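Have a look at the structure below, then the notes.
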Amino acid sequence: MGRLDIKRLVKDNVRSLHPYEVKAYPCDIKLDANESPYPLTLSPRVRSEFNRVLRVLNRYPDPEARRLRGALSRTLKVRIDNILHGNGSDELIYYLITTFGGPVMYPVPTFSMYGVIAQALGEERIEVPLDRDFDIDVDRILTAIRRHRPKLIFLSSPNNPTGNCFSQERILEIIEYTSHHPSLVVIDEAYQPFSKKGSLVHFIRNYGNVLIMRTLSKIGLAALRVGFIIAQEDIIREVNKVRLPFNLNSISQAVALAIMKDSETVRSNINMITSERRRLFLEMQQIDGIHPYPSDANFILFRAERVDAIFNGLIKKGILIRNMKGAVDGCLRVTVGTPRENTIFLNTLKELSG
Ligand SMILES: *Cc1c(COP(=O)(O)O)cnc(C)c1O
């Protein structure tokens with residue numbers, strides 16, 4: 001009896017994909033995934049929210065996540081109908097590409113999921129290189145837009161893995177241009193809370209083709225999987241059609257809501273991270289052979305001569321960062337940790353670069 005070759009049944013675009021792998025390196029100091037180093041402790045209020053949902057685990061979650069979207073709408077000063085909730089922003093990227101299809105355009109290097117999800121859904125990907133300063137190359141992008149007519153353009157600002165915000169004038173040029181050659185521009189603000197440059201949420205008032213994407217993952221709640229898009233109501237209404245009914249579980253809804261009300265702790269953790277980012281950057285600049293790029297996010301991209309030796313040397317000391325080989329050759333990316341973690345990282349980096 002012949003063995004069934006399951007791959008023959010798989011769609012072509014899926015067959016050539018690789019699963020998103022996070023290699024398990026046993027490391028005490030985890031600076032690889034842009035998480036917050038500060039677990040948000042359960043205040044009495046969060047604890048009581050948590051206990052309340054634990055008593056109704058037999059019931060489906062609120063499919064509309066009304067209370068959570070309501071809280072966010074007050075924070076962002078938009079209407080609740082301008083907000084759609086996702087199981088992390090990753091799920092929302094999935095929904096956007098499912099709803100609008102391709103071509104899907106994005107500058108590179110950037111967050112890998114735009115391309116991965118486009119491929120999983122069998123949509124064409126158009127990758128346009130950033131300029132030398134990791135900013136948007138407007139001429140190239142506008143040319144590519146004319147040529148390929150993308151349905152969706154993803155702009156991560158601050159950008160992962162380069163750390164910089166794109167210049168607002170260039171983002172606006174793309175938005176203005178695509179309001180006539182219809183494309184939707186998705187501004188992924190996963191790292192916006194770490195940036196001094198303001199959010200572009202207000203763009204949604206004036207532009208019917210702009211979406212803003214936010215997440216709680218990088219500000220201390222990665223485990224909950226809570227993300228949002230903010231856009232004009234007609235866009236939200238269409239994307240909401242492909243949303244799975246109970247995509248955001250009750251525990252995540254309740255804990256996210258309670259923690260949003262405790263926003264001072266979140267804010268002070270962010271302040272700690274941005275002040276440590278500055279220290280890390282300045283100290284890394286002093287190390288021979290290490291060239292950090294300025295960052296508006298909670299991580300720093302840096303160039304080094306022997307990236308593999310540094311990456312492996314750090315792992316031997318129990319410190320995990322990200323080797324950007326393949327995405328930004330010759331570079332590594334380190335997430336800002338606690339002051340103690342950053343000091344250990346810096347000392348080890350100095351030894352390895354000496
Ligand atoms: C981490 C990251 C996300 C993923 O966010 P989730 O809400 O955890 O799915 C989205 N966009 C960018 C640019 C990221 O770096």
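Note that this is a predicted model, so its numbers are computed, not measured. Note that ligands are numbered from 1 as they come in the structure, with each ligand's atoms numbered from 1 the same way. Quick note: residue numbers are just sequence positions, from 1.
Listed by number with element, the atoms of ligand 1 under 4.0 angstrom from any heavy atom of S217 are 6 (P), 7 (O), 8 (O). Under a 4.0 Å criterion applied to the non-hydrogen atoms of Y191, ligand 1 contributes the atoms 1 (C), 13 (C), 14 (C), 15 (O).
Of the protein's heavy atoms, K218 NZ, 2.4 Å lies nearest to atom 2 (C) of ligand 1. The protein heavy-atom contact nearest to atom 11 (N) of ligand 1 is D188 OD2, 2.6 Å. When hydrogens are left out, the protein atom nearest atom 4 (C) of ligand 1 is D90 OD1, 3.4 Å; that is the closest non-hydrogen contact.
For ligand 1, the polar-atom distance check against N160 finds a nitrogen or oxygen pair separated by under 3.5 Å. For the pair S156 and ligand 1, the shortest N or O to N or O distance does not fall below 3.5 Å.
Using a 4.0 Å cut-off between charged nitrogen and carboxylate oxygen, D131 and R170 count as a salt-bridge pair. Ion pairing between R79 and E233 holds under the 4.0 Å rule for side-chain N and carboxylate O. We find that R3 and D5 are not joined by a salt bridge, their nearest charged nitrogen and carboxylate oxygen being 4.0 Å or further apart.
The six-membered or imidazole ring of F154 lies near that of Y114, with a centre-to-centre distance under 6.0 Å.
Considering only non-hydrogen atoms, atom 3 (C) of ligand 1 lies nearest to F111 out of Y114, F154, F111, F228.
Within the structure, the closest approach of M213 to ligand 1 does not fall below 4.0 Å when heavy atoms are considered. Look at N34 and you'll find every heavy atom at least 4.0 Å from all atoms of ligand 1. At a 4.0 Å cut-off, not a single heavy atom of E91 sits close enough to ligand 1 to count as contact.
Both the backbone and the side chain of S89 come within 4.0 Å of ligand 1, judged by heavy-atom distances.
Under a cutoff of 6.0 Å and an axis angle of 45°, R333 and F299 form a cation-pi pair.
Side-chain contact between K325 and C331: absent, with no pair of heavy atoms (C-beta onward) separated by less than 4.5 Å. For the pair F194/I273, a side-chain contact is recorded, criterion being any heavy-atom separation below 4.5 Å from C-beta on.
Applying the side chain to side chain contact (heavy atoms under 4.5 Å, CB included) criterion to L172, with sequence neighbours excluded, gives E176, F203, Y207.
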